[in-house]
Amino acid sequence: MEKFTTLTGIAAPLPMINVDTDKIIPAVWLKTIKRTGLGPALFEAIRYRADGSEDPDFVLNKEPYRQAEILVTGENFGCGSSREHAVWALCGFGIRCVIAPDFADIFYSNAFKNGMLPVKLPQVDVDKLMEDAQNGENARLSVDLERQVVVRPDGEEIAFELDSFRKKCLLNGLDDIALTLNHSAEIDEFEGRQKKATPWLYG
Amino acid sequence: MTQPLTLFDKIWDSHVVRQDPDGTCLLYIDRHMVHEVTSAQAFDGLRLAGRKARRPEAALLVADHNVPTTDRDKPIADDDSRIQVETLEKNAADFGLTYFPLLDTRQGIVHIIGPEQGFTQPGMTIVCGDSHTATHGAFGALAFGVGTSEVEHVLATQTLIQKPAKNMRITVTGSPHNGVGAKDIILAIIGRIGAAGGTGHVIEYAGEAIDELSMEGRMTVCNMTIEAGARAGLVAPDETTFAYIKGRPMAPGADQWDAAVAHWKSLPSDPGATYHSEITLSAADIEPLVTWGTSPEDVLPVTGEVPDPAKARSEAKRRSMERSLEYMGLEAGTKLAGIPIQTAFIGSCTNGRIEDLRAAAAIAKGRKVAHGIRALVVPGSGLVKKQAEDEGLDAVFTEAGFEWREAGCSMCLAMNPDKLAPGERGASTSNRNFEGRQGPGGRTHLMSPAMVAAAAIRGHITDVRDFD
Ligand code: SF4
């Protein structure tokens, strides 16, 4: 997995609540059997017009947001379907960090598995960052994972909270399957105990 | 004295393989359901790393999302869909996993076939790369949706890295009025707590209204738990649960049955167990409900009117309501009953079980679908289809002008040819009214199976209580 340490880049504002994963990537794109190539389909229904041309009003079709690496958005981002394709599509576009007041649980967890940092902040802080993001050329934010801060264009730092295990995996780009396989002996023991206690689970 | 525990606590505690000092747990997963859309990349990951499936017998694979609901004997016409289904088949064979092929009567929507086969049992941990895995919580199993990376993690290790969720209890007291069912109960709950109301929680449903529900009804309630943002729903196992499971192909056999039931009876929450939050609703206050917007929380009684964004609880909600109304082609103040529809869809993992088809058929019987309305009935599995046919429900539907289809997800998410056209308005028994969910530009109104059948007959949204 790709590491995430610090990121300084253009932040795009998406002031919508309840952005569901169908909106992030419509179901028709889920027919792929790969993780890559979904960037062009990100937000398809609101990014393109019916004839397939770009909608010039959509934020990611405008400069400087075409280069956005950070997305600032509203509550309950990533709700709905468990599709990890939503994270793949954001990463495919180049977005490595999403900042919102809260996230749907499955999206939140999927993000970490792909080297993406979801930052949860109180609404008042998100409002400030939304304003920064709306500020065209100056819409640059820095995110420092080690120090757990978002730095505004004026230098103000906003601290965020994060689970320590997830932080460690992201900072070091750890493969959590390999980490778990280090505990194979404990899994064996668990299965041995469970098979005795509830044998019907073993057929 | 030991501390009283909730049903969630008991299942969680009995599945922790190890715990780190920061509270991160390695949680053992008993059962893993796999479908074609969220698994190909996981199997690829295993191949790349040279890993095997740790416990092949704990997985059950089926294709449901992409599959056409007609002409099953022919190859799938859409290339991408066909490749995805073939990839699942190949992965099942390569990794030695159980797979129900498309022409097997046991094929169907993953969340319908698990319970149907007895694969789903109380006290288990169950995952699937699908958010509606919450459905299986109806049996008192801790069941939740995961992403593709976690599908791979479970295949390789039979565990997940997790932290415990918070406990929420929602009690629905009393009994609902006629014409009000499980779908209305869960829509009422989502309307009450909101689409993010359950984030970070597992919801335990309790109260007479829940106890009185059949397993089918409990599955409908737990299924849409994810629409309230919670990862899992739970109902304490009881005699209704045991009676449903007994004798199913993958259920504990006669020699194990009594021990299993004894264990299952120890699972319900202890008296005095505490919850992080508690909510109570009265079933008698619930009316048949309909969604008007593009989030499942946008729900109102069928007797209501399209709400006015100016009265929204926040600025963000006002903007989102305005956008929803524009997308839905609706104006504030319009009465919900009377809004014309063009399509009616009965099916999905929310409402594709036998009881749902019976409820819809009771309304359809002896009546006709309104002129020009496309009405589809898509059973949740081949076995539901067969049972419905044995009961003569297919004839009731086809005589009324409904199309009777093969099992699959179908118009719930429009990955197969069953879609709403842009601007087309549908009454649907599915679970998501998101923009484009049932086809780009399609407009979805969620409601119960009886309400969808009633809307198909009248040609517009209507109150099912007006039917005798
Ligand atoms: S019926 Fe709909 S919600 Fe259920 S599994 Fe299929 S696509 Fe998902």
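Naming: A, B, ... by sequence-line order, numbering from 1 per chain.
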Relative to chain A, which of B:T87, B:I161, B:D20, B:N66 shows the most heavy atom pairs under 4.5 Å? B:I161
At a heavy-atom distance under 4.5 Å, which candidate from A:E75, A:E191, A:E44 has the highest pair count against chain B? A:E191
I'd like to verify something: which residue of A:N18, A:D175, A:T180 has the highest number of heavy-atom pairs under 4.5 Å with chain B? A:T180
Taking the side chain as C-beta and beyond, is there a heavy-atom pair between B:I83 and A:I33 under 4.5 Å? yes
Check B:E152 with A:K113, please: is the shortest side-chain N to carboxylate O separation under 4.0 Å? no
Between A:S81 and B:R437 the two heavy atoms that sit nearest each other are CB-NH1, 4.4 Å
Backbone N/O of A:D22 and side chain of B:R432: donor-acceptor pair under 3.5 Å: no
Cationic tip of B:R18 above A:F190 ring, under 6.0 Å, 45° of axis: no
Taking 4.0 angstrom as the limit, do B:K166 and A:D105 come out as a salt bridge? no
With rounding to the nearest 0.5 angstrom, report the CD to OG distance, A:E84 to B:S149. 3.5 Å
Answer with side chain, backbone, both or neither: which region of B:K317 has an atom nearer than 4.5 Å to a non-hydrogen atom of chain A? both
Any Lys/Arg nitrogen of A:K167 or B:D22 sitting under 4.0 Å from an Asp/Glu carboxylate oxygen of the other? no
To the nearest 0.5 Å, how far apart are OG in A:S82 and CZ in B:F144? 12.0 Å
Thinking salt bridges, do B:D78 and A:K31 make one under a 4.0 Å N-O criterion? yes
Passes side-chain contact (heavy atoms from CB on, under 4.5 Å), A:T21 versus B:F434? Steps please. CA-CA 9 Å; A:T21 53; B:F434 299 156; 5.7 Å; no
So which heavy atom on B:I226 is nearest to which on A:G80, and how close? CG1-O, 4.2 Å
May I ask you to name which of B:E36, B:E150, B:E227 has the most heavy-atom pairs under 4.5 Å with chain A? B:E150
Between B:H263 and A:T198, is any side-chain donor less than 3.5 angstrom from a side-chain acceptor? no
